[in-house]
2 protein chains.
Amino acid sequence: MGQLPTVEDVARAAGVSRQTVSNVLNSPQIVKPDTMTRVKAAIAELGYRPHASARRLRTRKSSTIGVRLDPMTNGISGSLLDRFLHALTEQAAERDLRIMLFTAQGPDGEIDEFSRLRDGADVDAFVLTSTVHDDPRTAWLLEHDFPFVTFGRPSGADDRGDPIHPWVDVDGFSGAQQATSHAIAGGARRVGYIGFADESTTALERRAGWAAESAQHLGLDGAELDALSLAVVDGVPQGNAAALHLLGLPTPPDALVCASDSLALGAMMAAARIGRGELTVIGYDNTPVAAAVGLSSVDQPLDLVAQSALELLFGTSGSTIVSRIHSATDPLYRLLTPTLVARTPTQLARVETSGSPVAGNHNER
Amino acid sequence: MGQLPTVEDVARAAGVSRQTVSNVLNSPQIVKPDTMTRVKAAIAELGYRPHASARRLRTRKSSTIGVRLDPMTNGISGSLLDRFLHALTEQAAERDLRIMLFTAQGPDGEIDEFSRLRDGADVDAFVLTSTVHDDPRTAWLLEHDFPFVTFGRPSGADDRGDPIHPWVDVDGFSGAQQATSHAIAGGARRVGYIGFADESTTALERRAGWAAESAQHLGLDGAELDALSLAVVDGVPQGNAAALHLLGLPTPPDALVCASDSLALGAMMAAARIGRGELTVIGYDNTPVAAAVGLSSVDQPLDLVAQSALELLFGTSGSTIVSRIHSATDPLYRLLTPTLVARTPTQLARVETSGSPVAGNHNER
DNA sequence: GGATTTTGTTTGATCGTTCAAATTCTTGGT
DNA sequence: ACCAAGAATTTGAACGATCAAACAAAATCC
């Protein structure tokens with residue numbers, strides 16, 4: 001077994017020319033059925049596979065998508081992006097696309113990498129995650145007219161009517177609304193909300209979803225809603241503290257909707273501790289932790305997000321970049337709807353049944 | 001701005017030949033300082049970057065490492081592999097290597113992908129994770145003489161004296177030992193252990209580390225150790241149940257070492273519920289969850305794992321595969337030592353101080 | 001100083017594929 | 001039967017880089 005077989009070898013074995021072999025692979029419709037089978041047999045027998053780099057050199061496309069691996073571990077919810085990466089890799093495989101990872105220090109470093117990967121013809125497009133307002137990365141890519149999609153809508157702009165670039169996102173309004181609705185269906189009359197302190201679209205949307213549902217079905221006004229909600233930094237301790245605060249109010253909430261599973265986990269623990277283990281707590285992102293502790297959570301359809309992202313770049317099938325003109329029938333974005341995964345808290349449910357709530361205790365040292 | 005510049009363009013601009021430009025990039029030491037600067041200036045001015053695919057075609061190397069993205073989300077601990085992926089990507093970037101992801105259904109599908117990526121010259125080597133006993137993947141790669149490293153030692157074989165392939169692993173014995181030692185230092189006299197039910201090297205090692213430390217410093221014999229330990233499937237509910245069992249014994253343990261953070265989280269909750277919130281519980285893998293709930297945990301040095309993996313493939317520097325001959329001075333494996341991250345359970349500790357209000361601000365609007 | 005090595009640079013060939021144009025084979029109409 | 005038009009296939013060139021060998025220039029030797 002010396003060299004790997006090339007088109008030349010296959011051609012000789014099948015008694016045809018190079019180009020016909022190439023046609024069998026790339027333009028099957030123009031080759032006669034007869035020779036088709038003959039060539040295919042030769043390919044199978046020799047175990048031929050096209051040399052990816054040679055093809056890329058000639059066609060000037062890499063069939064590869066660049067994705068930056070975010071250096072910061074975003075705590076529990078960080079796994080969301082990892083799950084997205086999984087989904088993207090799988091969806092990409094179905095189109096014979098590959099995912100190439102890279103890292104970079106800050107936005108400037110990332111733009112450097114963009115430039116390097118573009119000039120080296122390493123990737124055909126980028127998928128960006130965790131974009132921010134006025135992101136310099138999207139600006140650079142737009143300026144250099146290089147294909148990309150973002151997971152997360154461009155904040156601030158008119159992202160629906162006239163999006164400045166393709167994006168995919170999951171409707172946070174709907175997610176929070178569903179969570180709230182579920183709490184109400186479970187008998188809650190006052191649903192509290194623990195959200196993010198930042199001004200991101202995500203943060204605003206989710207709170208708005210909770211507020212709208214609460215206003216419509218529980219008849220709460222703005223002031224009451226403000227009293228029932230808190231905006232904090234994401235994290236378990238923060239969720240814990242926030243829940244303790246809300247539950248300590250004169251008229252405390254009888255359910256809690258949280259903007260992340262981290263916050264929800266903290267809230268869950270707080271509730272259990274002060275003897276309110278029965279309290280409905282709903283998280284967001286449906287992370288493994290939520291599944292592990294039996295926490296209801298809003299699930300983002302990451303498979304669909306990945307699929308939609310590829311559709312925006314490559315069309316409904318194939319692996320060739322489509323230059324997209326924004327049209328009414330075929331918008332430049334996809335807004336997907338999340339679903340609520342309802343769970344019964346296996347862990348903490350036992351707390352209430354096992355009698356007295358625990359006064360947890362000091363750890364020495 | 002028409003075409004991207006090529007070596008030809010740079011050569012013309014600098015008044016030299018193609019090859020000299022190539023030498024400046026690949027063999028800087030053989031080119032005269034004078035022309036060197038001239039060529040470099042031309043490169044900078046034209047913004048030239050080598051075309052990766054063309055180079056790959058000629059050199060028959062891709063400077064790319066293939067990594068399979070495991071389809072199953074391994075619960076809380078699954079993020080360990082994601083963190084490894086981050087580390088690997090960063091380490092690879094320092095050597096101008098890239099990571100290419102792929103997915104596959106089962107070992108056979110993965111071998112298919114190996115074959116495809118190898119034949120297409122897409123990757124120079126593979127990094128394998130979560131290998132199993134008699135793994136067909138390593139067998140295939142060895143048979144086809146394709147470079148690879150595994151994260152995780154080949155179980156069963158004489159992995160140290162005469163390893164059948166390069167591997168990197170983290171010493172589970174030491175990790176469990178450190179965890180146990182830490183518990184003893186905290187005053188524990190009977191340290192319980194909740195481990196994995198499978199027969200993997202990992203499972204055996206970690207238990208052995210705990211057992212050795214307990215035997216040496218607490219004077220426990222085999223029977224006592226058996227009574228203090230339990231082997232279960234990984235997961236929060238399992239950890240919970242196991243902890244309840246152990247803590248319900250006539251002479252219960254006064255600390256628990258667990259083989260994963262999932263188990264530890266379950267154990268922690270169980271302890272808190274039955275009024276033993278002060279119980280020392282130690283997890284494994286130092287996942288975000290552990291950090292979030294303030295759980296001491298054994299941290300695997302994933303940066304070092306990644307770095308070592310690349311060293312085994314490419315030597316101490318550079319991006320060219322080295323065919324390695326096993327020698328005593330330069331072993332074919334790396335066994336790394338984990339470290340214990342000691343934490344005080346922030347969540348449960350805060351209960352006792354109980355009063356302190358919320359850190360977050362109210363949401364205005 | 002001339003022969004010999006060392007060092008630096010250039011030229012043709014090549015990697016494996018697809019494109020573009022040229023060629024041969026089919027088909028069908030009159 | 002003939003010729004035009006289409007279908008199927010073949011041939012030369014090109015993608016952008018590096019390799020190998022040839023060449024020119026400078027440094028070393030006796």
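Lettering of chains follows the sequences in order, A, B, ..., and the numbering in each one begins at 1.
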Among B/L88, B/L310, B/V170, B/V149, which residue meets the side-chain contact (heavy atoms from CB on, under 4.5 Å) test with B/V305? B/V170
What residues from residues 44-64 of chain B pass a heavy-atom cutoff of under 4.0 Å to DNA chain D? B/Y48, B/R49, B/P50, B/H51, B/A54, B/R55, B/L57, B/R58, B/T59
Pairs touching residues 30-54 of chain B that satisfy salt bridge (charged side-chain N to carboxylate O under 4.0 Å, His left out), sequence neighbours left out: A/D119-B/R49
With sequence neighbours left out, which residue pairs that include part of residues 95-113 of chain A fulfil the salt bridge (charged side-chain N to carboxylate O under 4.0 Å, His left out) condition? A/R68-A/E110, A/R98-B/E113, A/R98-B/D122, A/E110-A/R137, A/E113-A/R116, A/E113-B/R98
Aromatic ring pairing A/F126/A/F102, orientation class (parallel under 30°, perpendicular over 60°, tilted between): perpendicular
Quick one: are [X] and [Y] in side-chain contact, heavy atoms under 4.5 Å?
X      : Y      : result
B/T138 : B/P154 : no
A/L101 : B/L85  : yes
B/V16  : B/V24  : no
A/W167 : A/L312 : no

Please confirm whether B/F146 and B/F114 have ring centers closer than 6.0 angstrom. no
Return a single string for nucleotides 5-11 of chain D, one symbol per nucleotide in 5' to 3' order, where B is base contact, S is sugar-phosphate-only contact and - is none, cutoff 4.0 angstrom on heavy atoms. ---SSBB
Taking OP1 and OP2 of C/dT18, is either one under 4.0 Å from a side-chain nitrogen or oxygen of A/S22? yes
Distance check needed: [N] [atom2] versus [X] [atom1], whole Å only.
X     : N      : atom1 : atom2 : answer
A/D34 : C/dC25 : CG    : P     : 15 Å
B/I43 : D/dA17 : CD1   : C1'   : 13 Å
B/N26 : C/dT9  : CG    : P     : 15 Å

Just jot down the ring-ring contact (aromatic ring centres under 6.0 Å, His included) partners of A/Y48, sequence neighbours excluded, or say none. none
How large an angle, rounded to 10°, do the end axes of the helix from C/dG8-D/dC23 to C/dT30-D/dA1 enclose when each is built from five base pairs? 40°
